Asker: 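Below you will find the structure I want to go over with you.
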Amino acid sequence: MKKKNQLSWLMRLQRLPQSAAQWISTQYRRIPQKARFLIASFIFAALTTLFASHFPLTVVPAYRSGEVAVTDIVVPADLIARIEARIGSTPVRLSGNPVLLHAGEIITADKLPLIETIRNYQLAQRNPKRLLGLLALVSLMFFALYKSALASQSSRLGPRTAFWVASSALMIQTFIVRIGMFGASVLGTRPEAMQFGGIFEFGFAIPFAACALVLSLLIGSQAALVAGLMSAILVGFTAPSGMAFVAFAMGGSVTAIYSVQRYKTRNGIIIASTAVGCVNVLMGLAAILIAEQTWSWQRILGGVMAGLVGAVLTAGAASFAIPVYESAFDILTDMKLLELSNADNPLLQQLAIRTPGTNHHSFMVAVLAEAAAKAIGANALLARTGCLYHDIGKLSAPNMYIENQKGGPNPHDTRPAISSAKIIASHVSQGIEMAREANLPSQIIDFIPQHHGTRVLAYFYHKAKAQAEARGELVNIEDFRYPGPKPQTREAVILMLADGAEAAVRSLDEQTPENIQAIVKKIADTVVSDGQLDESNVTMRELTMIRECLINTLINVYHDRISYPGFNPPSEGEKADEAEKQLQSAELSSSAVAGQ
């Protein structure tokens, strides 16, 4: 019995973490979504407040002269930094090891005032009023950050997700600054490091611009600028020389944001960090002037070197954080899109080998969509990449699509129209399945069903309708519609129009500018009248710009070329003349032979 009880308890203990996780998850889901959002936001704000403050975990007891120290009495590094910021140097008693007394030593009269200074400083940092005021300020910052995320209209992620990315980055940035200031304070008290500068100069090595750079690459410049300015303001509560470091952090953050707008190459971060390094040098000199620090070549050189180190650390922090955020929040950066659009991608390789006609069609649609997206200010790289993958479902049955039949027999000629329609429409579901197996981002997968929306397969519908009318039957048009959904984004709308326009223009007998213009306008009007754009945020002005851009691009693609004599195949008339000449030559040859 004892062994059975022991085994039972062991099994319960093994299941305890899983059971606890399930219970927590269940209880969390019971909380309303808005309440969960507010609770999580408050936690982020509270942690940011804690990191921005100098909240001490312990307070030095109130000692009297002659008493024995219970624990080691250490001068807080941030207090040393503030003293140095006021008097321009570290007091002799605090230089080197900042430990005033070890546990068991007797409190002397000469050290008692400094112990009281430490205690009063720690009590001031623990003042609830100060913490509440700082929490209120940080909460207002988070509210402004949320509004900025809503207004950013990032095509990479939703507004609420953008807020979580920005708020977590701001919180982590504040923590990094807090740790960095502590490290600078400790380093500034070491005799071997003091020859290169003090706490003030070593503070320039902190990567103040990391948050702004990361958010600029992940979300956009608008939210990044707001978060960068907020981060710079919070630096003023952490750094000893508040305004000097606020100016230093603000300069680096603004430079990081506008030195790299889009993350299209791996050296984008390097370019941004180089610009940040140059600005750090200039802002470091400005900060020394603002803080009225004593000038010396050693301190200036130390500040310059520290500013350059800060730029390198900014690049390192951004390079580490961006892949983490990409994975955690499913963010589709421009660099990821470029990797997906590489022709060496396995799916694109299969598309080129097994469905060359579909591959060429997808490439042409990508060219059209990219130009149209640039015309209306949409994400051109996202539109282009989505076009390359929108027809991957045709890999399941390449010969069922006319562009891959190479002039051979068409299997649909012997099939019922309804069967053909189901086969053609199935490339949507097949494409989604293939995309998920290939772990494509959800933003790319969305292009596959949305580029057809709920449009009717017109060719097979009219074929079935004609056959049914001959038999006196009716056809349900809903049986010939794609499953949808309708386009949700501007990029998906562009793909729908570009896909239809490219296929229709290719089917024309004569691709003259007039014919191209007429058929593209007809396709756009049909899409609008069918209600396919009702769920998107595209405007009529943007729709007109998309249509005109498609027309101009297709006219340029199908432009006229001069004939090259001797390189063009003969026309029908020339073939007839040549045949007649050969016949006459043969008759003359036979007459000559007969005469001999």
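Values in this document were obtained by computation on a predicted structure and should not be read as measured data.
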Asker: Are any non-hydrogen side-chain atoms of L234 and V177 less than 4.5 angstrom apart?
Answerer: no

Asker: Assess the pair Y325 and W164: is the distance between their ring centroids shorter than 6.0 Å?
Answerer: no

Asker: So that I can tick it off, tell me whether R506 and E403 are bridged by a salt bridge, with the cut-off set at under 4.0 angstrom between side-chain N and carboxylate O.
Answerer: no

Asker: Can you tell if the side chain of I322 reaches within under 4.5 Å of the side chain of M335, non-hydrogen atoms only?
Answerer: no

Asker: Looking at R481 and E478, is there a salt bridge between them, counting it only when a charged N and a carboxylate O are closer than 4.0 Å?
Answerer: yes

Asker: Check whether any side-chain heavy atom of D391 sits under 4.5 Å from a side-chain heavy atom of V365, and report yes or no.
Answerer: no

Asker: From L225 CG over to I257 CD1, what is the distance, rounded to the nearest 0.5 angstrom?
Answerer: 4.5 Å

Asker: Does atom CZ of F175 have more than 12 heavy-atom neighbours from other groups under 6.0 Å away?
Answerer: no

Asker: Just jot down the salt bridge (charged side-chain N to carboxylate O under 4.0 Å, His left out) partners of R160, sequence neighbours excluded, or say none.
Answerer: none

Asker: Do K486 and S536 have side chains that approach each other closer than 4.5 Å (heavy atoms only, starting at C-beta)?
Answerer: no

Asker: Is the closest side-chain heavy-atom distance between V475 and F480 below 4.5 Å?
Answerer: yes

Asker: Before accepting this row, confirm whether a basic side-chain N of the pair E542/R490 lies closer than 4.0 Å to the acidic partner's carboxylate O.
Answerer: yes

Asker: Taking the six-membered ring where the residue is Trp, are the ring centres of H390 and H361 under 6.0 Å apart?
Answerer: yes

Asker: Less than 4.5 Å apart, side chain to side chain, heavy atoms only: is that true for F44 and S168?
Answerer: yes

Asker: Are the side chains of L543 and L497 in touch, meaning some heavy atoms are under 4.5 Å apart?
Answerer: yes

Asker: Tell me if the aromatic rings of F163 and F143 count as close, with their centers under 6.0 Å from one another.
Answerer: no

Asker: With heavy-atom distances below 4.5 Å as the criterion, would you say the side chains of V527 and R455 are in contact?
Answerer: yes

Asker: Any chance you could measure I176, atom CD1, to I206, atom CD1, to the nearest 0.5 Å?
Answerer: 10.0 Å

Asker: In terms of the angle between their ring planes, are F245 and F208 parallel, tilted or perpendicular, with boundaries placed at 30° and 60°?
Answerer: tilted

Asker: Is the CZ atom of R471 crowded by more than 12 outside heavy atoms at less than 6.0 Å?
Answerer: yes

Asker: Is I402 atom CD1 crowded by more than 12 heavy atoms from other residues, nucleotides or ligands, each under 6.0 Å away?
Answerer: no

Asker: Could you walk me through whether L382 and D334 pass the side chain to side chain contact (heavy atoms under 4.5 Å, CB included) check?
Answerer: CA-CA 8 Å; L382 176 61; D334 289 344; over 6 Å; no

Asker: What are the two closest heavy atoms between P487 and Q532, and how far apart are they?
Answerer: CD-O, 3.2 Å

Asker: Rounded to the nearest 0.5 Å, what's the gap from NZ on K465 to CD on E473? Could you check?
Answerer: 14.5 Å

Asker: According to the interplanar angle, ranging from 0 to 90°, do the rings of F37 and Y146 count as parallel (below 30°), tilted (30 to 60°) or perpendicular (above 60°)?
Answerer: tilted

Asker: How many angstroms lie between atom CD1 of I172 and atom OG of S167, to the nearest 0.5 angstrom?
Answerer: 9.5 Å

Asker: When rounded to the nearest 0.5 angstrom, what is the spacing between CD1 in I551 and CG in L368?
Answerer: 11.5 Å

Asker: Is it true that D525 and K522 make a salt bridge, defined as a side-chain N closer than 4.0 Å to a carboxylate O?
Answerer: no

Asker: At their closest point, which heavy atom of Y482 faces which heavy atom of V428, and how far apart are they?
Answerer: CD2-CG2, 4.0 Å

